[in-house]
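Below is one structure, written out as structure tokens, with a few remarks after it.
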Amino acid sequence: MAIYKMGVVETKFADLIWEREPIGSGELVRVAQKELGWKKSTTYTVLRKLCEKGIFQNENSMVTSLLARDQYFGMQCKQFVTENFDGALPKFLAAFASEGKISKKDLAALKRFIDEQEG
């Protein structure tokens, strides 16, 4: 299942929701106006689009997420690896590492992660 990819501006808007949820739609309009310079109509248009994509819901004027931020970006990462590296994480890591040396700190974190996954 392909997940909807948000653009930069949609991601900034989504972050406003994730940071404040649950948030009333009226309050969201005020926050979007202050943080993004948006009009009420723009806020509701983008919110409706993201609700239709299954990322958020707006019920009884209360906006909440259907996908947590970590879930959304986890799905984006998995889709990226699937589409660009045949779903092979080692291929992705090799491509990532080819752009520069991976730090010892990152290698240690990867090792811990692998050890945890192995049980």
Side-chain angles (χ1 to χ4, degrees):
M1 173 185 120
I3 181 91
Y4 176 73
K5 293 180 184 177
M6 291 189 286
V8 174
V9 175
E10 288 175 319
T11 301
K12 286 180 183 178
F13 179 66
D15 280 335
L16 294 178
I17 298 170
W18 281 318
E19 291 168 1
R20 293 165 176 83
E21 72 173 309
I23 184 170
S25 57
E27 176 63 14
L28 182 58
V29 167
R30 287 187 285 283
V31 169
Q33 194 283 321
K34 180 182 175 193
E35 299 289 326
L36 304 172
W38 287 5
K39 295 181 180 181
K40 180 179 179 178
S41 59
T42 303
T43 299
Y44 281 116
T45 297
V46 175
L47 177 60
R48 185 185 76 249
K49 185 177 180 181
L50 296 179
C51 288
E52 289 170 355
K53 299 297 182 182
I55 300 170
F56 297 103
Q57 65 181 359
N58 183 9
E59 290 187 359
N60 301 318
S61 299
M62 188 60 58
V63 180
T64 56
S65 63
L66 294 172
L67 286 176
R69 188 179 197 284
D70 288 348
Q71 287 176 300
Y72 172 79
F73 285 106
M75 293 171 78
Q76 287 292 313
C77 289
K78 187 172 185 171
Q79 184 173 335
F80 177 80
V81 171
T82 298
E83 290 174 356
N84 296 286
F85 299 94
D86 299 321
L89 189 55
K91 286 183 181 180
F92 167 76
L93 291 173
F96 183 84
S98 72
E99 290 300 313
K101 191 171 184 180
I102 297 177
S103 71
K104 288 185 180 187
K105 181 181 174 183
D106 286 343
L107 285 172
L110 283 169
K111 184 174 180 345
R112 277 192 308 275
F113 176 77
I114 291 167
D115 291 345
E116 289 170 6
Q117 296 299 308
E118 289 179 336

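Numbering of residues begins at 1 and proceeds along the displayed sequence.
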Measure up the W18 and Y72 rings against each other and bin them: parallel (under 30°), tilted (30 to 60°), perpendicular (over 60°).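 Answer is tilted, since the angle falls between 30° and 60°.
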
Is there a side-chain contact between Y44 and V29, using heavy atoms and a 4.5 Å cut-off?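 Heavy-atom side-chain distance check passes, below 4.5 Å.
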
Side-chain contact, heavy-atom cut-off 4.5 Å: T43 with L36? no

Could you go step by step and tell me if R30 and E27 meet the side-chain contact (heavy atoms from CB on, under 4.5 Å) rule? CA-CA 5 Å; R30 287 187 285 283; E27 176 63 14; 3.2 Å; yes

Could you measure the distance from the [atom1] atom of [X] to the [atom2] atom of [Y]? Nearest 0.5 Å is fine.
| X | Y | atom1 | atom2 | value |
| --- | --- | --- | --- | --- |
| L50 | Q57 | CG | CD | 13.0 Å |
| E52 | L47 | CD | CG | 10.0 Å |
| F73 | M6 | CZ | CE | 5.0 Å |
| D86 | K91 | CG | NZ | 4.0 Å |
| N58 | C51 | CG | SG | 5.5 Å |
| K101 | L107 | NZ | CG | 8.5 Å |

Neighbour count >12 (heavy atoms, 6.0 Å) for atom [atom1], [X]:
| X | atom1 | value |
| --- | --- | --- |
| D70 | CG | no |
| E19 | CD | yes |
| F96 | CZ | no |

Might you point out which heavy atoms bring [X] and [Y] nearest each other, and give the distance in Å?
| X | Y | value |
| --- | --- | --- |
| T64 | P22 | CG2-CB, 3.6 Å |
| I102 | A97 | CD1-CB, 3.7 Å |
| F56 | L66 | O-CD1, 3.6 Å |
| D15 | R69 | OD1-NE, 2.8 Å |

Any chain of hydrophobic side-chain contacts (each under 4.5 Å) joining F85 to L93?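 F85 clusters together with L93.
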
F92 and M75: same hydrophobic cluster, using ILVMFWY side-chain contacts below 4.5 Å? no

Set out, in order, the CA-CA distance, both residues' side-chain angles and the distance that settles side-chain contact (heavy atoms from CB on, under 4.5 Å) for W38 and V9, then state yes or no. CA-CA 11 Å; W38 287 5; V9 175; 3.2 Å; yes

For E116, is there an ion pair with R112 - N to carboxylate O distance below 4.0 angstrom?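 E116 and R112: not salt-bridged.
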
The test is salt bridge (charged side-chain N to carboxylate O under 4.0 Å, His left out); show your working for K49 and E10 and say whether it passes. CA-CA 10 Å; K49 185 177 180 181; E10 288 175 319; 3.4 Å; yes

